[in-house]
2 protein chains.
Amino acid sequence: MPKRVDHAERRTEIAQALVRAAGRLGLHAVGMRDVAAEAGVSLRLVQYYFESKEKLLLFGLRHLAGRFGERVTARVRAAGDSPGPRAVIEALLMAALPVDEESRLFHHLYTSYAVLSVTDETLAAQPFIKDPDAAEITLTGLLQQAADAGLLRPGTDPHAEAVGLLAMSAGLGTSVLVGQRDAESATAVLHYQLDRIFRP
Amino acid sequence: MPKRVDHAERRTEIAQALVRAAGRLGLHAVGMRDVAAEAGVSLRLVQYYFESKEKLLLFGLRHLAGRFGERVTARVRAAGDSPGPRAVIEALLMAALPVDEESRLFHHLYTSYAVLSVTDETLAAQPFIKDPDAAEITLTGLLQQAADAGLLRPGTDPHAEAVGLLAMSAGLGTSVLVGQRDAESATAVLHYQLDRIFRP
DNA sequence: ATGTTCGTGGTACGTTCGTATCACAATGAC
DNA sequence: GTCATTGTGATACGAACGTACCACGAACAT
């Protein structure tokens with residue numbers, strides 16, 4: 001049976017199984033055996049490709065962040081041909097909302113990792129936890145461009161708005177995730193905020 | 001040794017021990033034995049006053065929500081003597097930021113509970129998860145008052161602003177919690193947003 | 001052809017967890 | 001003074017967890 005196998009591919013498959021299982025059981029409750037069953041392999045194999053559970057979790061976080069990054073850039077690029085920076089900004093902010101199952105999963109697990117990082121210093125040391133910095137820089141730049149082009153209302157501070165909008169998007173995402181609000185009302189609030197920032 | 005004991009008081013003490021232990025170890029990692037040790041009692045006693053771990057967690061969540069509610073209303077009342085509704089709104093939003101150890105703890109654990117509620121329907125059924133609804137109603141009312149008094153810039157939608165501000169406050173709180181931003185910059189962003197809403 | 005490495009399965013070990021059981025001392029009721 | 005109830009301790013139990021160990025078949029190198 002044992003053909004030569006692509007380790008990277010195998011690890012990715014298992015990481016995806018971890019993500020699925022964690023979405024079902026919660027990240028705190030998922031065990032090596034759950035991941036193995038979800039991936040359709042034996043417990044031993046999960047051990048083989050990831051020496052420890054901690055390594056599996058770390059890889060899973062990286063995988064998740066990577067997938068999400070691709071998703072966001074894909075959305076932004078899809079909106080990139082549109083007229084102005086507003087479409088790009090909208091795409092950036094909307095991509096973070098848990099509107100479909102994939103983004104729900106992402107939000108759920110990313111928040112789980114964030115909570116874990118409060119008490120787990122190994123997790124806290126991972127750069128992905130502070131990946132939002134990149135989003136902040138990007139969004140600030142986009143708003144600055146818009147401001148330079150005279151698209152924003154006077155007196156708008158691009159950086160303060162960028163930080164505020166991202167925090168709002170994250171907060172709205174969480175409230176959608178826990179079922180406190182539906183996705184439509186969250187997008188409506190974001191649209192309202194953009195209307196407020198952009199010149200009428 | 002066994003004097004007659006006030007159950008409610010005892011349960012509160014143990015719940016506080018749970019909160020402290022969970023703050024140190026993370027809610028996912030805290031066990032009955034940890035809570036017992038933190039409270040300085042035997043494992044048996046934790047079992048005695050809470051029949052199961054689930055009941056302990058539920059009570060802990062209620063306790064936490066109660067404490068936080070008191071904190072917010074105390075802050076709001078302290079600002080209530082001030083001139084206008086802006087001070088009250090500011091107090092409401094700022095109270096949610098993890099500026100000191102108590103509010104850090106609250107944010108940490110409340111987020112932990114929220115994450116758990118995604119996969120635990122018993123937790124999701126607790127009304128405290130959607131307690132923010134109350135804050136939303138209150139804040140909408142305050143903004144409406146301010147609008148009626150002519151304090152807000154024209155075209156401001158009280159409800160949309162309330163939802164947005166609360167989400168922003170929560171999002172900023174999380175980013176402060178995970179060390180991505182410091183409390184000062186978070187409050188600065190909130191102040192900027194209020195300046196934007198209120199008439200100059 | 002042979003030996004070494006690689007992929008895989010099965011399974012056992014030690015720990016920890018939540019819970020249950022047994023015992024008993026101190027209290028309040030009568 | 002007797003007795004049932006209440007609060008408390010110590011400890012045991014079964015399950016689940018992460019990890020380690022052992023065995024073996026297939027593939028590649030030489």
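Each chain gets a letter, A, B and so on, in the order the sequences are listed, and its residues count up from 1. Computed from heavy atoms alone, side chains included, the values below leave out hydrogens, waters and symmetry copies.
- Atom CZ of B:R11 and atom P of D:dG7 are 12 Å apart (whole Å).
- Annotation: side chain of A:V163 is in contact with side chain of A:H159 (closest heavy-atom distance under 4.5 Å).
- Nucleotide D:dT19 holds its P atom 8 Å from the NZ atom of A:K53, rounded to whole Å.
- Judged by distance alone, with hydrogens and angles left aside, B:R33 brings a side-chain donor or acceptor within reach of the base of C:dG18, the pair sitting under 3.5 Å.
- For A:Y48 and C:dG7, the shortest distance from a side-chain N or O to OP1 or OP2 is below 4.0 Å.
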### Task
Evaluate the salt bridge (Lys or Arg N to Asp or Glu O under 4.0 Å) criterion for residues B:E136 and A:R181: first the C-alpha distance (whole Å), next the side-chain angles of each, then the deciding distance (0.1 Å), finally the verdict.
CA-CA 11 Å; B:E136 185 180 314; A:R181 191 180 320 284; 3.1 Å; yes
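- Nearest to the side chain of B:Q47, among D:dT19, C:dA20, C:dC17, sits C:dA20.
- The distance from atom CG of B:L45 to atom C1' of C:dT21 is 16 Å, rounded to the nearest whole Å.
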Let me have the donor-acceptor pairs involving side chains of residues 141-148 of chain A, under 3.5 Å, with sequence neighbours excluded, atom names and distances please.
residue	atom	partner	partner atom	Å
A:Q144	NE2	A:D148	OD1	3.1

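- Residue A:R44 places no side-chain atom within donor-acceptor reach of the base of D:dT19, judged by atom type and a 3.5 Å distance cut-off alone.
- Atoms CG (A:D6) and P (C:dG7) sit 10 Å apart, rounded to a whole Å.
- Applying the 4.0 Å criterion to OP1 and OP2 of C:dG9, one finds that A:S42 has a side-chain N or O inside that range.
- A straight line from NZ of A:K55 to P of D:dG18 spans 15 Å, rounded to a whole angstrom.
- Closest to the side chain of A:Y49, out of D:dG9, C:dT19, C:dG7, is C:dG7.
- Counting only heavy atoms from C-beta outward, the side chains of B:F50 and B:L58 never approach each other to under 4.5 Å.
- Taking atom CE of residue A:M32 and atom P of nucleotide C:dG9, one finds them 15 Å apart after rounding to whole Å.
- Relative ring orientation between B:Y49 and B:H7 is described as perpendicular, the plane-to-plane angle rising above 60° on a 0-90° scale split at 30° and 60°.
- Taking atom CG of B:L25 as the reference point, atom P of C:dT16 lies 14 Å away to the nearest angstrom.
- Distance check, rounded to the nearest 0.5 Å: OG of B:S175 to CG of A:L166 gives 9.5 Å.
- Interatomic distance, CG of B:L25 versus CD of B:E38, reported as 8.5 Å (0.5 Å rounding).
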### Summary
Applying the Watson-Crick and G-U criteria (both distances under 3.5 angstrom) with [ ] for crossing and | for other-strand pairs, one obtains for DNA chain D ||||||||||||||||||||||||.|||||
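- A:L56 has its CG atom 14 Å from the C1' atom of D:dT19, to the nearest Å.
- Annotation: of the two residues near DNA chain D, B:L43 and B:H7, the 5′-most nearest-nucleotide partner is B:H7.
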